[in-house]
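Structure first, commentary second.
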Amino acid sequence: MPNGSMVFSKAVLAGESSYGAGGTATFGASGGRRMTVTPTGILALGREYDTGADRSVAIRNPLIASRVTQLTENPEVTLESSAATTDDLSVYFTMMQNTTGGTPTGTAAPYTWNIPIGMTSAATAPKSYAAILTDGNQGFLVNGILPTSLTLSADASGLTSASVSAFAKTATKTSFTTGESLPTDARGLAGRLWQASYGTAFLSAGTAGGTAFTHLFDWNLELNSGFMPINAQAGALNLSDYSQFGGPFSGSLSLTVASNATAVAQLFDKLGTKTFWRLHWEDAGNPAHSADILVCAVPTSVEVISGDADGVVTYAAELALAYDETSTSSVTLQVKNNMAVLP
């Protein structure tokens with residue numbers, strides 16, 4: 001019988017020196033980073049109990065109030081943001097790497113983060129996080145956060161959203177008050193400012209190279225890290241360790257586009273074939289900040305008449321992220337933002 005969960009309205013992240021090290025001292029003088037989250041993020045404590053309902057003690061109610069046994073503690077965290085920022089993208093993408101994060105280039109804002117998701121099996125520990133999560137009434141200190149999946153999406157009439165699902169090592173109640181400040185750039189990314197391009201090789205960031213795909217209505221990118229918790233018998237109720245390569249890295253890209261000759265040539269006619277795509281975001285009013293998602297993907301499904309967008313017949317395409325032998329890459333993020341260092 002598991003216990004409950006908490007919906008939180010505030011999430012402050014701080015990087016750990018080693019997996020699960022966490023603690024309030026992790027937040028240090030900087031106070032960690034306050035993330036722009038939708039107040040529907042969920043912390044599930046993952047504490048399971050055996051009440052002894054199956055045993056017999058020769059009384060009508062076999063549940064003895066002082067004889068309940070805790071079996072496990074497997075916290076899970078869902079971070080959601082309906083208005084993700086360019087700063088958020090640096091944090092979320094580096095969480096998916098099989099390395100300890102990274103540093104940007106540049107000596108002043110905007111800093112340039114180039115974040116490839118490594119495809120080798122090098123035994124370098126991923127960057128884990130501790131978090132203070134609160135709903136205003138109670139707070140929890142969560143240590144050893146590692147993601148299982150990251151989803152980014154945007155459409156032509158809204159903002160860019162992000163969602164991270166993760167497992168954690170421990171979750172304990174705390175009254176610790178973080179000293180973090182508001183993010184320096186908490187503006188959302190307007191969905192209509194994304195531009196799609198396709199090419200014959202792995203594309204570079206920006207607008208140069210490739211061919212513009214001008215009739216994109218929405219997209220959804222899902223990445224699965226392959227990180228898995230190890231719940232072994234190791235003298236503790238919480239997870240004993242994690243597997244960095246418990247499963248394969250995988251991902252998918254969904255596109256809704258206008259049904260036209262370009263969609264036929266680049267999606268339908270290339271089912272089962274290697275393709276290259278770039279999703280580029282840039283605000284003309286603030287061109288110093290930008291984001292590029294670069295992928296190698298194989299179209300696996302195309303629904304040729306999926307619906308309409310303001311009367312325009314649309315294609316719905318599903319593409320599986322794939323490893324490109326030439327660039328030795330599958331997906332890369334390059335983003336320019338105000339973040340000089342990871343939290």
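Basis for what follows: all heavy atoms, side chains included, without hydrogens, waters or symmetry-related copies.
Taking all atoms of both residues into account, the shortest heavy-atom contact from Ala171 to Phe140 is C-CD2, 4.2 Å. Here the closest heavy-atom approach between residue Trp277 and residue Leu267 is recorded as CZ2-CD2, 3.7 Å. Nearest heavy atom pair, residue Thr86 against residue Asn337, reads O-ND2, 3.0 Å. Across all non-hydrogen atoms, the minimal contact from Ile117 to Phe249 is CG2-CE1, 3.5 Å. When all heavy atoms of Ser225 and Met96 are compared, the pair lying nearest together is N-CE, 3.5 Å. When all heavy atoms of Ser240 and Ala234 are compared, the closest pair comes out as CB-CB, 3.5 Å.
Note that the CE atom of Met339 and the OG1 atom of Thr94 stand 8.0 Å from one another [nearest 0.5 Å]. The line from CD of Gln334 to OG of Ser290 is 7.0 Å long, rounded to the nearest 0.5 Å. Atom CG of residue Leu333 and atom OG of residue Ser90 lie 6.5 Å apart, to the nearest 0.5 angstrom. Distance CG/Leu321 to OG/Ser330: 4.5 Å, rounded to 0.5 Å. Put simply, CG on Leu79 and CD1 on Ile145 are 6.5 Å apart, with the number rounded to the nearest 0.5 Å. Remark: His215 NE2 to Asn260 CG distance equals 6.0 Å, nearest 0.5 Å.
Put simply, the side chain of Ser329 reaches to within 4.5 Å of the side chain of Phe202, judged on heavy atoms. Looking at Asp155 and Phe217, their side chains never come closer than 4.5 Å, going by heavy atoms from C-beta outward. Side-chain contact check for Thr36 versus Ser81: some heavy-atom pair is nearer than 4.5 Å. Under the 4.5 Å side-chain criterion, counting only non-hydrogen atoms from C-beta, Leu255 is in contact with Leu216. In this structure the side chain of Val142 reaches within 4.5 angstrom of the side chain of Val77, judged on heavy atoms. By the 4.5 Å heavy-atom criterion applied to side chains, Ile132 and Thr174 are counted as neighbours. Looking at Pro126 and Gln97, their side chains never come closer than 4.5 Å, going by heavy atoms from C-beta outward. The closest side-chain heavy-atom distance from Glu80 to Ile42 is not below 4.5 Å.
For the residue pair Thr160/Trp194, the side-chain donor-acceptor check at 3.5 Å is satisfied. Remark: the Ser161 side chain and the Ser153 side chain contain an N/O donor-acceptor pair separated by less than 3.5 Å. Side-chain contact check for Glu318 and Thr300: no donor-acceptor pair (N or O, by modelled atom type) lies under 3.5 Å. In the model, Ser149 has no side-chain atom that pairs as donor or acceptor with a side-chain atom of Asn224 under 3.5 Å. In this structure, a donor-acceptor pair under 3.5 Å is present between the side chains of His280 and Asp292. Using modelled atom types and a 3.5 Å distance limit, the side chains of Asp218 and Thr256 yield a donor-acceptor pair.
Following chains of ILVMFWY side-chain contacts shorter than 4.5 Å, one cannot reach Val304 starting from Val312, and the two form parts of different hydrophobic clusters. Both Leu189 and Tyr111 belong to a common hydrophobic cluster when Ile, Leu, Val, Met, Phe, Trp and Tyr are linked at side-chain heavy-atom distances under 4.5 angstrom. Follow the hydrophobic side-chain contacts under 4.5 Å out from Leu294 and you never reach Leu253; the two are in separate clusters. Under the 4.5 Å side-chain contact rule for hydrophobic residues, Leu193 and Val335 share a cluster. Residues Phe276 and Val295 do not share a hydrophobic cluster, clusters being chains of Ile/Leu/Val/Met/Phe/Trp/Tyr side chains in contact below 4.5 Å.
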What verdict does the side-chain contact (heavy atoms from CB on, under 4.5 Å) test give for Leu146 and Tyr19, after you've listed the backbone C-alpha separation in whole Å, the side-chain angles of each residue and the deciding distance to 0.1 Å? CA-CA 9 Å; Leu146 281 176; Tyr19 182 69; 3.7 Å; yes
Can you check side chain to side chain donor-acceptor pair (under 3.5 Å) on Thr38 and Ser82, steps first, answer last? CA-CA 6 Å; Thr38 304; Ser82 59; 3.2 Å; yes
Would you check, one step at a time, whether the test side-chain contact (heavy atoms from CB on, under 4.5 Å) holds for Met228 with Thr148? CA-CA 7 Å; Met228 291 185 178; Thr148 54; over 6 Å; no
Test side-chain contact (heavy atoms from CB on, under 4.5 Å) on Gln195 and Leu279; report intermediate values, then the result. CA-CA 6 Å; Gln195 302 173 350; Leu279 297 170; over 6 Å; no
Where do Tyr315 and Val264 land on the side-chain contact (heavy atoms from CB on, under 4.5 Å) test, with the steps shown first? CA-CA 9 Å; Tyr315 257 37; Val264 173; 3.3 Å; yes
Between Asn114 and Thr332, does the side chain to side chain donor-acceptor pair (under 3.5 Å) criterion hold? Intermediate values first, please. CA-CA 7 Å; Asn114 187 58; Thr332 293; 5.8 Å; no
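More than 12 heavy atoms of other residues, nucleotides or ligands lie within 6.0 Å of CZ in Arg34, so this atom counts as buried by the packing criterion.
Below 30°, between 30° and 60°, or above 60°: for Tyr242 and Phe227 the angle between ring planes is above 60°, a perpendicular geometry. Classified by interplanar angle (parallel below 30°, tilted 30° to 60°, perpendicular above 60°), the ring pair Phe176/Phe27 is tilted.
The residues Glu325 and Lys274 are annotated as salt-bridged, a charged nitrogen and a carboxylate oxygen being separated by less than 4.0 angstrom. Note on Asp87 versus Arg33: salt bridge recorded, some NZ/NE/NH1/NH2 to OD/OE distance being below 4.0 Å.
For Lys127 and Tyr129, the positive end sits near the middle of the six-membered ring, less than 6.0 Å away and at most 45° from its axis.
Under the side chain to side chain contact (heavy atoms under 4.5 Å, CB included) test applied with Glu73, the options Lys169, Arg47, Glu48 reduce to a single match, Arg47.
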